[in-house]
There are 2 protein chains.
Amino acid sequence: MAFATLHDVAEAAGVSYATVDRVVNARGGVSQKSVLRVQAAIKQLGYARDVSAANLARKRVYRFLFLLPEDHNDFFHSLYSALQSHAQRPNLLRIAVTTTRLPAFSEKALIEALARIDPATVDCACVVALDTPAVNAAVQRVRAQGVKLVTLVSDIDAASRDAYVGIDNYVAGKTAGRMMGLCHGRQPGLVLPIIGTSRAHDHIQRLSGFLEIMQAHFPQITLLEPVTSRDEAATIHRELDDIWRAHPNLTGVYNMGAGNDGLVAWIRGITGRDRPFMVIHELLPNARTALEAGLVDAVIDQKPKEIITRTMDAMRLLVDGEALPTPAPVITPAIYLCENLPDTPKETDWMPSND
Amino acid sequence: MAFATLHDVAEAAGVSYATVDRVVNARGGVSQKSVLRVQAAIKQLGYARDVSAANLARKRVYRFLFLLPEDHNDFFHSLYSALQSHAQRPNLLRIAVTTTRLPAFSEKALIEALARIDPATVDCACVVALDTPAVNAAVQRVRAQGVKLVTLVSDIDAASRDAYVGIDNYVAGKTAGRMMGLCHGRQPGLVLPIIGTSRAHDHIQRLSGFLEIMQAHFPQITLLEPVTSRDEAATIHRELDDIWRAHPNLTGVYNMGAGNDGLVAWIRGITGRDRPFMVIHELLPNARTALEAGLVDAVIDQKPKEIITRTMDAMRLLVDGEALPTPAPVITPAIYLCENLPDTPKETDWMPSND
DNA sequence: CAAAAAATGATTGACGTCTATCATTTTTGC
DNA sequence: GCAAAAATGATAGACGTCAATCATTTTTTG
């Protein structure tokens, strides 16, 4: 009554269960006439496959391995936590996750970790890659053993991996730019961009998105030469002190890397004139506190939970040998002001993806 | 090897499957000693119940009924679409959703619909309620027949229903206020709030949140008396024409109701001076287009999909007789600028797609 | 120590789907 | 109209858990 089963479909279509099974699982060898009758019955009964039963019968188990950089970098840290909390969810779809953290930017460590992957215990690996020939080769060696491979955040040669789940730092930078521009209310201003290192792909992309929006839509705002912080709080603090003295008319700061603690400490010490507008990245506890305290105006967040969910979706599809959605869905950054901060503690979202 | 089963647990604990089953399903009649051994084995093996298999064996089917207002109101429309798209998702958790739309604000229609609920075919109903004694009584009559009842967005007496899933329009209004304030870049301004009807709870809440933030944090901005639009595009257009003429220094408009088409049409016609900053609600296609065209600055969105997900979570827990999380999780509004718009979702096939 | 009570073991049939095998019927080609 | 090919039917054993029954063992109690 409530839910039609394949047996119901078979009866309604006037064929045997075996034929229905051949149709829904595309096994072939069914006449056009039967296919149509089955499809009609499915539609008529509103049949929907019971995925639980299907996965059970298929004995599907997904064993995933994540290789993440072990970095102070805020973003990877939040990615890691998202992965941890995901792993603790009730076991709806039989996913077993193993995580290994590697020294950041170490080609050698990455290649070794890739070589250590055991095809007998891993169905699909997810790697924050470095785009070098040696890594490409190592990845292909893994894949040759039947392990699917997904690159995350940082891609390699498209032919070397099975899929790539990216975040659009360019869009994140543009969003930050729009936010910064709006904060100036059509007034002129002087804005300082801070990047972590000029070597990091993601910071470069954020910067170019930011600059593009600022120049295109807010020409009355002057941009200072970007400062490099090496993601160190102390460096940021020092640099800001200098610039603040040199530019009494500074109206905005956009930090696209880590080191927000130094930034916040510096703001706390400002006296005499209005602090500049502050736009920073990643909604971590310190950023949250700063927002709530009114020390920062906006936080651009890459939604690590959503990234993890999307990645796992892709990995599942790969292991099942199914087609990945094209174009790959893009995760757009969220904007947090101090009023719309999400609830902190309980992560009870254990519904399957989709949101 | 990959996943331990209850049989594995039984073996590891040195007891029979039956005993393990008694422990994990709390059937009682097990000695303390055995309980401990089973728990130890579960922990040691990292056993996690296979929810798919469990649900299958339990024959759990959740039959949910939604009673939603049939309104032009943008918000309920997006809520309805979210529900539709949720219903089309692959059938992971065996949820059957029926939706009935009712004339908005009609107490009579609501009570009749509640009376029509058949306990034999509905496990849990979700209602956008009206807080009147007659509705309260009708709700209690439904519950007396064993149907769980959740109120959505608009609550009634807490004792009358099983749960309430709310949205915080106050927070939404505050977020809009912050956004509007920031757009003024510490400059003075003159801002017009537009509400749908002064009778609608949600608009009142948005308004008070908006006013509170504006007064507390942006005192240099003057607020005009809120205009009532009855959510009609034509009314908004006309009112704005008048106000725009009467107040040459208008710098911002916040529309907390529907009727954004009229608003956008009006903006299109502006010449001579800068348009005011525009903050509106609900990321519907027209709002999206307006954002992309640069006719609107920010859209505050209540994330209807997330609301639906949360509601279904609560309904499931109720039907299972489990405890609801307290305090109820709050959904915070999202802020969209023209750079961080999400991908438009695409439709799925009718065919039973796995996963 | 025997009887009663409590705990445990052993087993079975669902649940809906997958996968496989084998027998039977229908269609096609000549 | 006959053989070969294609399509269909019938059936059965998983998958991991739930829920139930009944037999057996162990512990408690007087």
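Model, not experiment: these values are computed from the prediction. Below, read A as the first sequence line, B as the second, and so on, with proteins coming before strands; counting in each chain starts at 1.
Nucleotides of DNA chain C nearest to B/A57 and B/A18 differ in position, and the one nearer the 5' end is that of B/A18.
Residue B/S34 has a polar side-chain atom (N or O) positioned under 4.0 Å from OP1 or OP2 of C/dT8. Contact between the side-chain N/O atoms of B/R49 and the OP1/OP2 oxygens of D/dC18 is found at a separation under 4.0 Å. In this structure, A/T19 reaches the D/dG9 phosphate: one of its side-chain N or O atoms is under 4.0 Å from OP1 or OP2. The phosphate of C/dC15 (OP1 or OP2) has no side-chain N or O of A/T5 nearer than 4.0 angstrom. Residue B/S31 places no side-chain N or O under 4.0 Å from the OP1 or OP2 atom of C/dA6.
Residue B/A54 has its side chain nearest to D/dT17 when only C/dT17, D/dT17, C/dG9 are considered. Distances were taken from every side-chain heavy atom of A/H7 (C-beta onward) to each of D/dT17, C/dT17, C/dT8; the shortest belongs to C/dT17. Listed nucleotides C/dC18, D/dT17, C/dT8 differ in distance to B/Y17; the shortest reach to its side chain belongs to D/dT17. For A/A53, the listed nucleotide lying nearest its side chain is C/dG16; candidates were D/dT8, C/dG16, C/dT8. When distances run from any side-chain atom of B/D21 to the nucleotides C/dA10, D/dC18, D/dG16, the shortest one goes to D/dC18. Closest to the side chain of B/D50, out of D/dC18, D/dT17, C/dT17, is D/dT17. Closest approach to the B/L6 side chain among C/dA10, D/dG9, D/dT17 is made by D/dT17 (side chain taken as heavy atoms from C-beta onward).
Counting heavy atoms from C-beta on, the side chains of A/V23 and A/S34 never come closer than 4.5 Å.
Ion pairing between a basic and an acidic side chain is recognised when a charged N comes within 4.0 Å of a carboxylate O; A/R316 and A/D313 show such pairing.
Protein atom NZ of B/K59 is 7 Å distant from nucleotide atom C1' of C/dC15, rounded to whole Å. Atom CZ of B/R27 is separated from atom P of D/dA20 by 7 Å (rounded to the nearest Å). Rounded to an integer number of Å, the gap from OH of B/Y47 to C1' of D/dG16 is 8 Å. Following rounding to the nearest Å, B/R22 (CZ) and D/dA19 (P) show an atom-to-atom distance of 14 Å. The CD atom of B/Q32 sits 17 Å away from the C1' atom of D/dT28 (whole-angstrom rounding). With rounding to whole Å, B/I42 atom CD1 is found 10 Å from D/dT17 atom P. Here D/dC18 presents its P atom at 4 Å from CG of B/N25, a figure rounded to the nearest Å. Residue B/D320 contributes atom CG, which lies 14 Å from atom C1' of D/dC18 at whole-angstrom precision.
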Could you run down the sub-3.5 Å N/O contacts of the protein with nucleotides 25-28 of chain C?
none

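Of all non-hydrogen atoms in A/I167 and A/F75, the two that sit nearest each other are CD1-CZ, 3.6 Å.
When atom types are taken as modelled, the side chain of A/K303 and the backbone of A/T332 share a donor-acceptor pair closer than 3.5 angstrom. Panel note: side chain B/R60, backbone B/N55; no donor-acceptor pair is recorded below 3.5 Å. Judged by distance alone, the side chain of B/D320 and the main-chain N or O of B/L317 form no donor-acceptor pair under 3.5 Å. In terms of modelled atom types and a separation under 3.5 Å, the side chain of A/R63 and the main chain of A/A120 share a donor-acceptor contact.
Not counting sequence neighbours, the partners of B/E112 by the salt bridge (Lys or Arg N to Asp or Glu O under 4.0 Å) test are B/K108.
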